[in-house]
Amino acid sequence: MSDTPRALRQPLSLRLGSAGFLAFWCLIAAFPIFWIGVMSFKAPVDAFASNPLDVIFGPATRDGGDGLSLLDIVIGLAFLFFSIRYAMTWLPKMVAQHSPGGQMIAGWIIAAVGYAVAFVIGFFVILPFVLGLLNPILGPLGNPIVGLTTQHYEAVWVENQFYNNFTNSLIVTVGVVTVSLTVGTLAGYGLARSGSNLAFWILIIALVFRALPHSVLVAGYLPVFVNSAEILRPFLGDAAPTLYGQPWAVIAVLVSINQPFTIWMLRSFFQNIPNELDEAARVDGCTHFQAFRWVIMPVMWPGVITTGLFSFLLAYNDFLVTSLLLDQSNQTMVPAIAGYFNRETTTTDQVEAVAAAVSITAPLFLLVMIFQRQIVSGLTAGAVKG
Amino acid sequence: MKFKTFAAFVGPSLFLMFLFIAAPLVSVFIGSFQLTQPVLEQVEEETCTPGFVTQTCTTTMVTRPILDEFGEIQTTTEWVGWTNYTRVLDPEATWAAISNWDWNALMQVDFWAALRFTLMFTLVTLPLVIGVGLAIALAVNNAAKSIKGPIIFVSLLPFIITPVIGALSIRWLFIGDGILTSALEAWLDQDIAMFAQAWTIELMMLFYRVWHVAPFAFVIFYAGLQTVNQDTLESAIIDGASRWDRLRFVVVPHLMPLIVFIALIHLMDTYRVFEEIVGFTSQAHVISLQWLTYDFLQPDDAGNRAFGRASASAMLTMVGIVFLLIPLLRRTWRDHHGGSH
């Protein structure tokens, strides 16, 4: 600190105030999410107790026979710590060693899935089994001190078949991300490389479209989608589909709603790729498409991944469009949770809703952990260029 | 780039936007003047109950929908002019309320209640989001390098969480005798029911929205702070500017384009406030414009959806967006023409 000029040095009070404010913000930012995580593992009496200590330690849950001993906690935390550390150090090395050149992405996907499966088996099958043997032997160390139960997760995922909603979410999200990136990348590149007036007006109209409330658009789709079989019958005959309740129709809708944002963002990324690159390719005799395929595509992935993350968030988090355009049988996760809290008659239902909410949040949590840098760069790219 | 190549690149995207954004707008506009109803017929129905000597028979007129050859209810679509708008806006009640200066009566009309909340929500959260975002950005910029990464990670959590679930997570802290409600009760020494009246729900919604969007503002301001010109800062110090002066006359003007950007995005996003209503289940007390349309689109007990009224309220919502965008579009128009000619 001694090399900073005296005038830039900060008084102690300012530094304390700034640090205190940050600590306060982090507490506020994380607390609600952390708290629903804690609640989801407790018996209803504990989860909605008015004393925070009861929620954390869960005496009623513990008396119900579900709890963790000191040993469980220590070994569980150690297991978590080492699996995260291995994922950071050992996994990248293995991927780099074993995946053939150019197949890094496939290698990573296989490695990540394999690692996740191994972790789930280790953490939820082997570890409880070993600890179940150890706990009775160790006496006081093995007595449960913190109540914890997974019954609500079992109720949500097994009894209420939440995996159906999960599959639907997966279909819609993957569909939206793939289609929206394919279409958006082409358009973003075209807009970035064309200085014409037309390109400018397309961007402005896209900005206006970006501002439209989604309910306005859905009010336009819904009558058409519900009656689409009749409307399309003259053209398609009896094969005319009812678009209402079709996941692929929802994918098309979400892709279109997301297009304005996608093309703005990708355009700003493509503008950062120097024009000379594709000009050189053009001089060598490439067409625009060949230049795009062989020169631009290899270098565009950081921008595409970032934009893909935001498409993912839009599709995954959407409530309005999916709840209106899909029916009960193929509902995605977020609208499905509304069913829980609308019928919340018992506190058990409420805690099940909490467990479902945590299940929906967990993938997002992982996403931020892995892609934090891309999310930040995406947010700033939109702002600084747009 | 030749026009043909440009069209080939941009074509698919334009096609999608045309089909799923522009075309629905037209169909909503037309639909807002139409009313689709089941075709009803009046049938004489005779019901007889066995009685002594003779049966007692009563005939009643029953209204029932006509079924078509597929066994589905036949519907007609009529051109009804402004009827849908009248039903949404309820001009009689509105006019009566306005002429009596009766605010509560005006708020009985759903549309005005929704409009009031949407505008209040938009205008109150805007300065809060910018202020909190800037404060976090300054504090993080001031913090030690080693803790910046974890702080950004924690800050991003409220931003990426599913909006409905974010709202729910706040609601679960307060619901019934949740920990925060009981903490408030202990502190203020009075009984509190957070979900019994509109203003407490609105407070929670405001808190939720600022919590959700401030990280976005923070990340953008933080990126902007990295490019503040150090020479200008140093000359400001030499000129004797205090810390506050430097913030006000050097840092904030540097960040001004970003502030405008965030304000713009925030206005667009907050104008379509919707998930809060679902998450806090507040429709009995507080509704928003988007929720109004959503509610019309939900099937009622008989399975009918009020498409006509939904389209009308959607068009009225659009009018608001147009007002919001006019200043922006005018500026862009002027910049473009000023720049290229």
Side-chain angles (χ1 to χ4, degrees), chain A residues 7 18 21-22 25-26 28-30 32-33 35-36 48 50 52 55 183-184 186-187 189-191 193-194 200 204 208-213 215-224 252-253 255-256 259 263 288 313 317 319-320 324 334 338 354 357 360-361 364 368 372 375-376 379-380 383, chain B residues 1 5-6 9-10 12-13 16-17 20-21 24-25 27-28 31 136 139 142-143 151-158 160-165 168-170 172-173 176-179 182 216 219-220 223 237 258 261 268 272 274-275 278 290 293-294 297 307 310-311 314 317-318 321 325 332 336:
Chain A
S18 146
F21 174 73
L22 262 192
W25 159 249
C26 287
I28 288 186
I33 299 168
W35 202 250
I36 59 171
F48 288 99
S50 49
V55 184
V183 176
L186 288 174
Y189 176 72
L191 290 169
R193 289 294 182 259
S194 157
F200 171 80
I204 291 301
V208 174
F209 284 166
R210 161 79 173 70
L212 290 177
S215 66
V216 175
L217 300 172
V218 178
Y221 306 134
L222 205 51
V224 181
V253 165
V255 166
S256 319
Q259 265 313 291
I263 59 179
H288 263 295
L313 283 181
N317 288 346
F319 178 87
L320 183 78
L324 282 172
V334 178
V354 178
I360 297 175
T361 314
L364 292 174
V368 188
Q372 177 177 343
I375 294 177
V376 170
L379 287 174
T380 44
Chain B
M1 194 182 272
T5 337
F6 177 67
F9 270 113
V10 185
S13 172
L16 276 178
M17 284 200 278
F20 287 104
I21 301 183
L25 282 185
S27 107
V28 170
I136 302 170
N142 210 0
I151 288 178
I152 294 178
F153 170 73
V154 172
S155 302
L156 280 177
L157 289 177
I160 53 102
I161 195 172
T162 312
V164 174
I165 294 187
L168 278 173
S169 70
I170 308 271
W172 281 322
L173 293 178
D177 271 331
I179 51 156
S182 46
F216 166 67
V219 169
I220 287 176
I237 295 170
L258 299 183
F261 168 78
M268 287 182 188
R272 43 182 187 215
F274 169 74
E275 272 94 353
V278 176
Q290 247 212 141
T293 313
Y294 172 81
L297 287 174
F307 288 132
S311 309
T317 313
M318 279 269 300
I321 275 290
L325 284 179
T332 326
H336 185 60

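Atom set for the values below is all heavy atoms of this structure, side chains included, hydrogens, waters and symmetry mates excluded. In what follows, chains carry the letters A, B, and so on, assigned in the order in which the sequence lines appear, proteins first and then strands, with residues in each chain numbered from 1.
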task: Would you mind telling me which of B:Leu157, B:Ile170, B:Leu297 has the largest number of heavy-atom pairs within less than 4.5 Å of chain A?
output: B:Leu297
- prompt: Is any side-chain heavy atom of A:Cys26 less than 4.5 Å from a side-chain heavy atom of B:Ile151?
  reply: yes
message: Between B:Leu173, B:Ile21, B:Val154, who has the most heavy-atom pairs with chain A when the cutoff is under 4.5 Å?
response: B:Ile21
Distance (rounded to the nearest 0.5 Å) between B:Phe6 CZ and A:Ser194 OG: 4.5 Å
Which portion of A:Val334 sits near chain B, non-hydrogen atoms under 4.5 angstrom: side chain
- prompt: Looking at CH2 of A:Trp35 and CH2 of B:Trp172, how far apart are the two atoms once the value is rounded to the nearest 0.5 Å?
  reply: 15.0 Å
Region of A:Leu313 in contact with chain B, defined by heavy-atom distances below 4.5 Å: side chain
message: With a 4.5 angstrom heavy-atom cut-off, is it the side chain or the backbone of A:Val255 that approaches chain B, or both, or neither?
response: side chain
Contact class of B:Ile136 relative to chain A, heavy atoms under 4.5 angstrom: both
message: I need the A:Asn317 CG to B:Ile160 CD1 distance, nearest 0.5 Å.
response: 7.5 Å
field: Best-contacting candidate, A:Thr361, A:Leu324, A:Val253, against chain B by heavy atom pairs under 4.5 angstrom
entry: A:Leu324
query: Based on non-hydrogen pairs under 4.5 Å, which of A:Ile204, A:Leu212, A:Ile263, A:Val218 is most in contact with chain B?
result: A:Leu212
task: Would you mind telling me which of B:Met268, B:Glu275, B:Arg272, B:Met318 has the largest number of heavy-atom pairs within less than 4.5 Å of chain A?
output: B:Arg272
task: Mind listing the closest non-hydrogen atom pair of A:Ser256 and B:Phe20 along with its distance?
output: OG-CD1, 3.1 Å
field: B:Val164, B:Thr162, B:Ile161 screened by side chain to side chain contact (heavy atoms under 4.5 Å, CB included) with A:Ile360, the one that passes
entry: B:Thr162
query: Regarding B:Ser155 and A:Trp25, is there a side-chain donor-to-acceptor distance under 3.5 Å anywhere?
result: yes
query: Highest number of heavy-atom pairs under 4.5 Å with chain B: which of A:Leu22, A:Leu217, A:Ile36?
result: A:Leu22
query: So, A:Gln259 side chain and B:Met17 main chain: donor-acceptor pair closer than 3.5 Å or not?
result: no
statement: Taken to the nearest 0.5 Å, the spacing of A:Arg193 CZ from B:Thr5 OG1 works out to 14.0 Å
query: Taking C-beta and beyond as the side chain, do A:Leu186 and B:Val10 meet within less than 4.5 Å on heavy atoms?
result: no
statement: Residue from A:Pro32, A:Ala30, A:Gly184, A:Ala357 scoring the most non-hydrogen pairs under 4.5 Å with chain B is A:Pro32
field: For B:Ile321 against A:Ala211, the heavy-atom pair lying closest together
entry: CD1-O, 3.2 Å
message: Does any backbone or side-chain atom of B:Ser169 lie under 4.5 Å from a heavy atom of chain A? Answer side chain, backbone, both or neither.
response: both
query: Checking heavy atoms, do the side chain of B:Phe153, its backbone, both or neither come under 4.5 Å from chain A?
result: both
message: So, taking the atom named CG in A:Leu222 and the one named OG1 in B:Thr293, what distance separates them when rounded to the nearest 0.5 Å?
response: 12.0 Å
- prompt: For the atom pair CG (B:Leu25) and CZ (A:Phe209), what is the distance rounded to the nearest 0.5 Å?
  reply: 6.5 Å
- prompt: Which atom names give the shortest non-hydrogen contact between B:Ala314 and A:Ala219, and what distance separates them?
  reply: CB-CB, 4.2 Å
